[in-house]
Amino acid sequence: MRQVVLNILIAFLWVLFQDEDSFQFSTFVSGFIIGLIVIYILHRFFGQAFYPKKIWIAIKFLGVYLYQLITSSISIINYILFKTRHMNPGLLTYETNLKNDWAITFLTILIIITPGSTVIRISKTTNKFFIHSIDVSEKEKESLLKSIKQYENLITELSLIHISEPTRLLSISY
């Protein structure tokens with residue numbers, strides 16, 4: 001958050017130092033880009049990852065989620081309208097590599113929000129999800145497990161940003 005505020009502050013200072021008669025948006029954008037460069041050079045001193053990386057992961061995550069939501073919704077509509085006799089509901093398991101409670105909870109929420117699947121239980125010892133799906137045929141099962149793996153990879157990428165952020169150490173010498 002500090003990086004965003006600093007970037008906007010640099011952009012406004014850039015506009016002020018240009019000594020133009022009126023506010024020019026192009027000057028603000030050029031100041032914002034200069035602020036990005038300055039913050040990229042100095043981001044190690046903030047003790048945080050470079051903030052556009054977080055924004056990119058959020059955009060990528062939103063794109064993947066919306067794609068999965070739309071395709072699974074179309075699939076559910078297709079089952080309701082045309083394939084009600086061919087549905088094969090059942091249970092399947094998925095073992096995750098996620099270790100943090102927030103990451104497992106986030107993955108659970110993403111599975112539940114996606115139409116056609118519901119998490120019934122999570123094993124605490126093995127991090128195994130028991131999922132009820134509207135169709136457990138090989139094609140649909142593989143598709144569901146692929147989308148869950150995609151969610152898990154994005155959550156892992158997001159958690160790596162938080163883990164890789166350097167921590168501030170206070171050293172006192174006597």
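The residues of the chain are indexed from 1 along the displayed sequence. For the numbers below, each heavy atom of this structure counts, side chains included, while hydrogens, waters and symmetry mates do not.
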Open item on the list: Could you go through F106 and F61, starting from their C-alpha distance and side-chain angles, then the distance that decides it, and tell me whether this counts as ring-ring contact (aromatic ring centres under 6.0 Å, His included)?
Closed with: CA-CA 12 Å; F106 196 45; F61 191 81; 5.4 Å; yes

Tell me whether [X] contacts the main-chain N or O of [Y] through its side chain, where contact means a donor paired with an acceptor under 3.5 Å.
| X | Y | value |
| --- | --- | --- |
| S117 | I111 | yes |
| E140 | D135 | no |
| S143 | K139 | no |
| N127 | K99 | no |

Is any side-chain heavy atom of [X] less than 4.5 Å from a side-chain heavy atom of [Y]?
| X | Y | answer |
| --- | --- | --- |
| I104 | F129 | yes |
| V15 | F32 | no |
| F28 | W14 | no |
| S75 | N78 | no |

Measuring from atom [atom1] of [X] to atom [atom2] of [Y], what distance do you get when rounded to the nearest 0.5 angstrom?
| X | Y | atom1 | atom2 | value |
| --- | --- | --- | --- | --- |
| L13 | I34 | CG | CD1 | 11.5 Å |
| I57 | E157 | CD1 | CD | 4.0 Å |
| Q68 | I113 | CD | CD1 | 13.0 Å |

